[in-house]
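In what follows, a single structure is set out as C-alpha cells and then discussed.
Convention: sequence-line order gives letters A, B, ...; per-chain numbering from 1. Keep in mind the model is a prediction, meaning the values are calculated, not measured.
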Amino acid sequence: MAAEVMLMNEIEATAAQMGIDLNIDFSSIQLPPGENCGIISDDEDVYHDDQLELDSGFGNVIVVDNLPVVPREKFEKLEGVIRKIYGQIGMIKEDGLWMPVDPETKKTLGYCFIEYNTPQEAELAKEKTHGYKLDRAHIFAVNMFDDFDKYMKVPDEWAPPEIKPYTPGENLQKWLADEKARDQFVIRAGTDTEVLWNDARQSKTELVYKRAYWTESFVQWSPMGTYLATVHRQGAAVWGGANTFNRLMRYAHPQVKLIDFSPGEKYLVTYSSHEPSNPRDANRVVINIFDVRTGKVMRDFKGSADEFAIGGAGGVAGVSWPVFRWGGGKEDKYFAKLGKNMISVYETETFSLIDKKSLKVENVVDFSWSPTDPIIALFVPELGGGNQPARVSLVQIPGKEELRQKNLFSISDCKMYWQSNGEYLAVKADRYTKTKKSTYTGFELFRIKERDIPIEVLELDNKNDKIIAFAWEPKGHRFAVIHGDNPRPDISFYSMRSTHNLGRVSKLATLKGKQANALFWSPGGRFIVLAGLKGFNGQLEFFNVDELETMATAEHFMATDVEWDPTGRYVATSVTSVHEMENGFNIWSFNGKLLYRILKDHFFQFLWRPRPPSFLTPEKEEEIAKNLKKYSKKYEAEDQDVSMLLSEQDREKRRMLKEEWERWVGEWRRAHEEEQLERQMLRDGEASDEEEEYEAKEVEVEEVLDVSEEVISFEE
Amino acid sequence: MRPILMKGHERPLTFLKYNRDGDLLFSCAKDHTPTVWFADNGERLGTYRGHNGAVWTCDVSRDSMRLLTGSADQTVKLWNVQTGTQLYTFNFGSPARSVEFAIGDKLAVITTDPFMDLTSAIHVKRIAKDQTEQTEESLLVIKGPQGRINRAVWGPLNRTIISAGEDAVIRIWDSETGKLLRESDKESGHKKTITSLTKAADGSHLLTGSLDKSAKLWDTRTLTLIKTYGTERPVNAVAMSPLLDHVVLGGGQDASAVTTTDHRAGKFEAKFYDKILQEEIGGVKGHFGPINALAFNPDGKSFSSGGEDGYVRLHHFDPDYFNIKI
C-alpha cells in the first residue's frame with residue numbers, strides 16, 4: 001500500500017506542476033465489459049511491467065556514509081554542517097535529514113539519510129558530493145537509497161544464468177511484402193493515432209491499427225520504418241509487428257521530450273530537460289542513448305542545458321535538436337556533438353570519445369555529417385573583425401585528418417546541404433556587400449567523390465537575389481533553388497554536370513514568378529513539388545525536371561505540410577492543427593492528380609512509413625527502368641480489375657442508397673395521403689396542394705426538353 | 001448562372017423566406033427593417049418599418065396576406081404584406097428567435113431566447129382571422145431545453161412541434177400538452193449547436209445544420225437519422241430543393257475571424273450535395289462573409305442566399321443544373 005500511496009502523490013505532484021486538474025471521479029468512468037478501448041490499465045503497467053517505478057518511492061533519498069562518529073554534544077553541530085553542504089544542492093524536505101544514533105552509546109553511527117524534493121536533486125547531490133573530503137579521515141561515500149536494495153538483492157552465491165529458449169520474433173518488416181505494394185502512414189488527429197494503408201487504387205485508406213491515447217505528445221517512425229516510437233511521461237516506447245502493432249520495447253526516461261533514432265535504427269536517443277530547483281540555474285538536461293533492440297542504456301549524458309546549447313539558434317528550451325548527430329551511413333558507427341571550441345565525436349563500439357578526446361576547433365558554430373561516409377563538414381565564422389577569414393572544412397573520421405578546406409571572406413552566415421548519396425556538398429554562403437549594409441548569396445559546391453575534392457563557386461544570375469529554399473535531387477546531380485525578393489520568386493534548376501563537361505555546374509532552367517516557398521523532390525528524383533505554403537495558401541505545382549515541364553498545378557488550401565511517400569508514387573499534403581479550419585490531408589499522385597481527401601479535426605501529424613533501402617543493385621534497377629513496359633503490364637491489368645470492381649461496387653452502393661431512399665419516399669407519400677383530409681380541414685377545406693406540386697415536376701421536365709430543341713435548331 | 005445582387009440591407013442577413021407562390025422573397029437582417037422583393041428580378045417591393053432591433057426570422061401566411069416577424073426588440077409583429085402596416089405586436093421578455101405559421105395559419109409557434117433570468121421558451125399563439133380579436137395570450141408555453149432554441153417548426157397536422165438549438169438535440173413536443181415525445185439520438189446526432197432547421201415541402205423530413213460542420217436529414221415523424229452531409233465549415237443555413245434531390249448548405253467560419261484570414265479561407269460558398277448519395281455536387285461562390293440564410297424558391301428553379309456581408313444573392317439556375325448526373 002505504501003508504494004501505491006507514493007505513486008498517487010507523484011501523480012498529483014506532476015499534475016500540479018503541469019496545471020492539470022485531477023479532480024475526476026475515476027470510479028464513475030465505466031468501460032463496457034470485456035473492452036478496454038485500447039487503454040491499458042495503469043495498474044497492470046505499474047505492478048507488472050514497471051518494477052522500477054514501484055521501487056522508486058525512495059528515488060529522492062540518498063545515504064551519506066563515512067561521516068564522523070560524534071557524541072551527543074556534537075550532534076547538532078554535525079547536523080548543521082551536513083545541512084549546509086546538502087542544502088545548497090537542492091531543497092531538503094522538512095524532516096528530510098535523519099542521522100541515526102546508537103541507542104546505547106548515544107553516538108552517531110557515521111551515516112545519515114537525506115530526502116530531497118525530487119529524484120533529480122538527489123542524483124545531483126550524489127554526483128557532486130561522492131568523494132567529498134570533510135577532512136582527511138572522512139571522505140563521503142554517497143549512494144542512492146534505492147541502490148542499496150538493488151545491491152542487497154545480489155545473491156551471495158553465483159548461479160549460472162538461466163538460458164531462455166529462443167523464441168523467433170515477429171517479422172517486423174512484413175508490411176514491405178504487401179501484395180498490392182502499398183505504403184503505410186501514421187496520422188494523429190484528436191486523441192486517436194491511426195496507422196493506415198494508402199490504397200490509392202481504390203482512392204481510400206485501409207486501417208491497420210488504431211489506438212486512442214497511443215502517445216502523449218507525438219509519434220515518430222524509425223528511419224527504416226521498422227518501428228513506430230511513442231512518447232510518454234515515463235519514457236519512450238517502440239511498436240511494430242507482422243500484422244498489428246505490439247509494444248516491442250520500452251525505454252524508461254521520465255518526462256522525455258524529444259527522441260531521435262540513429263540512421264540504422266540501432267540506437268535511440270532520448271532527451272529531457274528539467275526545471276532546476278534554483279531558478280537562477282540553467283535547466284538540467286538528461287540524454288540517454290538506448291540500444292533499440294535490448295532496451296539497455298548504452299550511455300547517458302547529464303548536465304546543465306548550457307553545455308548542450310552550443311551552436312544553432314536553439315530549438316526546444318535552448319537546445320538545438322538533435323544534440324547528437326549520427327554519421328557514417330547506416331552502420332551507426334559514430335555520433336557527434338557540438339561543444340565550445342570543439343566537436344565531440346563518439347564511437348558506438350565503446351560509446352566513448354574517439355581517441356579519448358574531442359576534435360578541437362576554435363569557434364566552430366556548425367557541423368554536419370555526410371549522409372553516407374564518416375566525413376564531417378564544419379563551419380567556423382569570421383574572427384577578429386575579418387582578420388581571420390571564415391572557413392569550411394571537411395574532416396575524415398576516425399582519423400580526424402582534414403580532407404579539404406576553403407576560406408571564405410566577409411561571411412555573414414553559412415549553411416551546408418549534403419546530397420543524399422554524399423557525392424556533393426553545397427555550402428550556401430551569405431556575404432556582406434562592400435558597404436556591409438546588405439548581404440548577397442553564393443554557393444560553394446564540393447565534389448566529395450572526386451580526386452582532391454574540387455570546389456566550384458556558383459553565383460546566381462542576379463547576385464542580390466535572396467535564397468528562399470534550396471534542395472538537392474535525392475540520389476541525383478541536380479538541385480533546385482527558389483530565389484528572388486519579389487512576392488513571386490523565381491525557381492532555378494542546376495545540374496552538377498554540363499553537356500560537354502561532367503565537372504562543371506550548369507543551369508537547366510529558370511521558372512519566373514512562381515508562388516512557391518518550399519521544394520519537395522520526389523525520393524526517386526526527377527519530379528519535384530513546388531509548394532507555396534503559409535503565405536501562399538497551399539499552391540502546388542508538380543514539375544517534371546527531366547522534361548522541364550509542369551505536369552499539374554493544384555491547390556490544397558492552407559496546406560502546412562507536404563510529404564512524398566518513400567517510393568515517390570504519391571504525395572501527401574496536410575493541413576495540421578496550426579489552422580483551425582480545413583484540417584485533414586490530401587493524397588495526390590506523383591503527377592498532381594488528386595486521388596482522395598480526408599478531413600479530420602485537430603489534425604496533428606501525417607508521416608509516411610519509411611522503407612529501408614532497396615536490395616536491388618543499380619544495374620538491376622536500370623534494367624527495370626528500361627523494360628518498364630514489360631514489368632508494368634501485370635500491374636496495369638490488376639489496376640483495371642480493381643477499377644472494374646470498384647465501379648461495380650459503386651453502382652451497387654448507389655442502387656442500395658436509391659432503393660432505401662425510395663422506401664422512405666414511399667412511406668412519406670402514404671402518410672401524407674392518409675393525412676390529406678385532416679390537413680384540408682385545418683385549412684378550412686381549401687384543397688391540399690400536393691397534386692399541384694406533382695404536376696409542377698412534370699412541367700419542369702418539359703421545359704428542359706425545350707432547351708435542347710433550341711440547340712438543334714441552332715445547328716441548322 | 002448570373003446572380004442578382006440585392007442591396008437593401010445595411011447589416012448581416014439573418015433569414016430568407018419565399019411565399020408559397022414563389023413570386024415574393026422576404027428577407028430579414030440585423031438592421032431593423034424586413035424587406036420584400038420580387039423573387040424573379042430582385043426588385044425591391046417594400047419594407048416593414050417598426051421593429052427596434054435585429055430581425056431574426058419571419059414567416060408568411062399561405063395566402064401571402066400576412067407576415068410574421070420576430071425580432072431582438074423582444075417583439076413578434078404581424079404585418080399586412082400588401083400595405084406594410086402593423087397589425088399586431090406580441091411582446092415578450094426576451095428576443096424572439098424563430099416564428100412559423102401552422103398549417104391553416106391559425107396558430108404560430110414562436111421561440112424566445114434566454115435573457116436576463118428568463119430561460120428559453122417555445123410559445124404557441126393563436127392568430128385570429130379577424131384582426132380585432134387578436135390577443136396576446138399564449139395557448140402553450142414549453143420550457144426545458146438548455147440554451148437558445150434556434151428554430152421550432154410544426155410537425156405533421158400541427159400535432160407536434162419540433163425544436164432544435166444550442167444543446168444540439170432535436171426534440172419533438174406534443175403541441176397540445178407540451179409533453180416531450182421524442183429526442184434525437186445523442187450518439188448519431190449533432191455534436192454542436194444546431195443553427196438551422198428546414199422542412200421538406202411536404203413536411204415529411206427535416207434537414208438540420210450545425211456548427212459541428214455537418215448537416216443531417218431526419219424523418220419528421222420518428223426522428224430517425226437518414227443522412228449526414230459532411231463539410232469543412234460550420235453550417236449556418238440549410239435548404240432543400242423542392243424539385244430535385246439536392247440539399248444546399250451555407251456557412252463559414254465565425255464572423256469574428258473573417259477579417260484575419262484570406263477571403264477564400266472562409267469558403268463562403270453555398271454547397272450543393274446530392275440528397276441521396278450524400279456527395280458534393282458543386283458550390284456557388286460570391287459572398288464575402290459567411291452565409292447566414294438560404295431559401296429555395298418553391299418552384300425549385302431559383303434559390304437565394306443571405307450573407308454576413310449584408311447582401312442577398314438571387315440565383316436562377318442554368319438549364320444545365322437540371323441535368324446534373326453524378
Side-chain angles (χ1 to χ4, degrees), chain A residues 535-538 555 557-558 575 579-584 597-599 601 650 653-654 656-665 667-686 688-690 692-694 696-697 699-701 703-708 710-711, chain B residues 20 22 62-63 102-107 129 154 156-159 191 200-205 212-213 217 219-222 224 226-227 230-234 242-245 252-254 257 260-262 264-267 274-279 298-301 318-323 326:
Chain A
F536 288 134
N537 277 331
E555 185 192 45
F557 189 64
M558 314 248 263
V575 179
H579 293 303
E580 224 174 286
M581 300 280 187
E582 296 279 335
N583 278 201
R597 69 187 263 128
I598 289 181
L599 296 169
D601 264 357
D650 207 33
K653 200 180 122 202
R654 282 175 178 219
M656 299 258 291
L657 284 173
K658 288 259 193 227
E659 268 178 21
E660 192 198 319
W661 181 254
E662 289 304 325
R663 268 204 301 282
W664 278 110
V665 171
E667 210 168 296
W668 290 332
R669 189 170 298 157
R670 196 178 45 74
H672 200 68
E673 276 162 22
E674 273 175 19
E675 290 166 359
Q676 189 175 347
L677 267 178
E678 272 184 78
R679 198 163 37 245
Q680 215 162 319
M681 300 234 307
L682 283 172
R683 289 190 178 133
D684 298 332
E686 194 184 330
S688 149
D689 55 351
E690 52 205 315
E692 290 170 42
E693 262 175 20
Y694 289 128
K697 237 180 193 173
V699 170
E700 207 53 53
V701 177
E703 275 194 28
V704 175
L705 282 175
D706 273 343
V707 173
S708 57
E710 268 178 55
V711 172
Chain B
R20 190 171 75 94
R62 189 175 150 96
D63 55 9
I103 300 171
D105 298 332
K106 291 194 226 32
L107 299 170
K129 203 160 194 186
W154 293 96
L157 300 179
N158 299 347
R159 282 182 188 151
K191 299 288 177 285
D202 64 354
S204 60
H205 51 289
D212 67 6
K213 302 178 186 170
L217 193 75
D219 178 64
T220 308
R221 293 177 178 86
T222 60
T224 315
I226 303 172
K227 303 279 178 192
T231 172
E232 302 107 332
R233 327 239 138 234
L243 187 61
L244 301 175
D245 286 320
Q253 73 203 119
D254 251 5
T260 59
T261 40
D262 189 294
R264 286 172 302 166
K267 276 227 179 109
D274 187 288
K275 198 179 194 174
I276 302 166
L277 303 176
Q278 291 155 270
E279 279 169 45
D299 68 4
K301 287 185 234 168
D318 292 337
D320 298 346
Y321 167 79
F322 303 100
N323 297 323
I326 63 164

Which atoms of B/Leu107 approach chain A - backbone, side chain, both or neither, heavy atom under 4.5 Å: neither
Side chain, backbone, both or neither of B/Asp105 within contact of chain A (heavy atoms, under 4.5 Å): neither
B/Arg221 to A/His672 - nearest heavy-atom pair and separation: NH2-N, 4.3 Å
Most chain A-contacting option - heavy-atom pairs closer than 4.5 Å, from B/Gly104, B/Gly300, B/Pro156: B/Gly104
Residue among B/Ser204, B/Gly230, B/Gly203, B/Ala102 with most heavy-atom pairs under 4.5 Å to chain A: B/Ser204
Worked check of side chain to side chain contact (heavy atoms under 4.5 Å, CB included) between A/Met681 and B/Leu157: CA-CA 10 Å; A/Met681 300 234 307; B/Leu157 300 179; over 6 Å; no
Can you tell me how far the [atom1] atom of [X] sits from the [atom2] atom of [Y], to the nearest 0.5 Å?
| X | Y | atom1 | atom2 | answer |
| --- | --- | --- | --- | --- |
| B/Leu277 | A/Lys653 | CG | NZ | 8.0 Å |
| B/His205 | A/Trp661 | NE2 | CH2 | 4.0 Å |
| A/Glu675 | B/Asp202 | CD | CG | 9.5 Å |
| B/Arg159 | A/Glu678 | CZ | CD | 4.0 Å |
| B/Ile276 | A/Glu659 | CD1 | CD | 12.0 Å |

Side-chain heavy atoms of A/Leu657 within contact of B/Lys227, under 4.5 Å: yes
Side-chain heavy atoms of B/Thr220 within contact of A/Trp668, under 4.5 Å: no
Residues forming a salt bridge (Lys or Arg N to Asp or Glu O under 4.0 Å) with A/Glu674, sequence neighbours excluded: A/Arg670
For A/Asp684, all residues meeting salt bridge (Lys or Arg N to Asp or Glu O under 4.0 Å), sequence neighbours excluded: B/Lys106, B/Lys129
Which portion of A/Leu599 sits near chain B, non-hydrogen atoms under 4.5 angstrom: side chain
Residue A/Asn583 versus chain B: region with a heavy atom under 4.5 Å: neither
Test log, rule side chain to side chain contact (heavy atoms under 4.5 Å, CB included), inputs A/Glu667 and B/Asp219: CA-CA 10 Å; A/Glu667 210 168 296; B/Asp219 178 64; 5.7 Å; no
